[in-house]
Amino acid sequence: MSRVCELTGKGPMTGNNVSHANNKTKRRFLPNLNDVSLVSETLGRPIKLRISASALRTVDHRGGLDKFLAKAKDEELSAKALKVKKEIAKAQATA
């Protein structure tokens with residue numbers, strides 16, 4: 001399982017551990033990923049995603065998964081999230 005947020009594309013970053021003696025060793029900064037089920041109001045069912053904590057706050061701030069995906073750029077979304085975005089758009093177009 002990759003360590004990449006399915007909604008924002010946020011992934012691991014690299015940097016250094018710096019000791020008191022100013023020795024530098026490589027390290028990785030991993031995103032805070034959580035497995036969550038977000039309910040789509042349009043589809044009426046939950047969608048399981050692996051997203052970062054900051055993305056979860058952003059989804060709440062924008063008013064739900066449907067509104068977040070409407071504004072999200074396609075290149076940042078995972079294949080699963082992109083599929084859900086297209087399903088939501090199709091359901092909204094027919095309704």
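- Taking all atoms of both residues into account, the shortest heavy-atom contact from P46 to S37 is CB-CB, 4.3 Å.
- Side-chain atoms of E6 come within 3.5 Å of backbone atoms of R50 as a donor-acceptor pair (strictly under, hydrogens ignored).
- Atom-to-atom distance recorded for L33:CG and I51:CD1 is 9.0 Å, nearest 0.5 angstrom.
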Dump the intermediate steps for side-chain contact (heavy atoms from CB on, under 4.5 Å) on I88 and L43, then the final yes or no. CA-CA 7 Å; I88 290 170; L43 300 177; 3.9 Å; yes
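- The 12-atom threshold is not exceeded at CZ of R3, counting heavy atoms of other residues, nucleotides or ligands nearer than 6.0 Å.
- Counting heavy atoms of neighbouring residues, nucleotides and ligands inside a 6.0 Å radius, atom NZ of K80 exceeds 12 of them.
- V36 and L77 fall within a single hydrophobic cluster, where Ile, Leu, Val, Met, Phe, Trp and Tyr are joined by side-chain heavy atoms under 4.5 Å apart, directly or via other members.
- Applying the under-4.5 Å side-chain rule to Ile, Leu, Val, Met, Phe, Trp and Tyr, the cluster around L30 consists of that residue alone.
- Grouped with F29 in one hydrophobic cluster are M13, the linkage being side-chain heavy-atom contacts under 4.5 Å among Ile, Leu, Val, Met, Phe, Trp and Tyr residues.
- Between the CD atom in E76 and the CG atom in L82 there is a gap of 12.0 Å [rounded to 0.5 Å].
- Screening residues 11-24 for side-chain hydrogen bond (donor to acceptor under 3.5 Å, both in side chains) gives N22-K24 as the qualifying pairs, with residues at least two apart or on separate chains.
- Partners of K48 according to the side-chain hydrogen bond (donor to acceptor under 3.5 Å, both in side chains) rule, which considers only residues two or more places apart in sequence or in another chain, do not exist here.
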N/O donor to acceptor pairs below 3.5 angstrom from side-chain atoms of residues 54-74, sequence neighbours left out:
| residue | atom | partner | partner atom | Å |
| --- | --- | --- | --- | --- |
| S54 | OG | K10 | NZ | 2.9 |
| S54 | OG | S52 | OG | 3.3 |
| T58 | OG1 | S54 | O | 2.8 |
| D66 | OD1 | S40 | OG | 2.8 |
| D66 | OD2 | E41 | N | 3.2 |
| D66 | OD2 | T42 | N | 2.9 |
| D66 | OD2 | T42 | OG1 | 2.8 |
| D74 | OD1 | K85 | NZ | 2.8 |

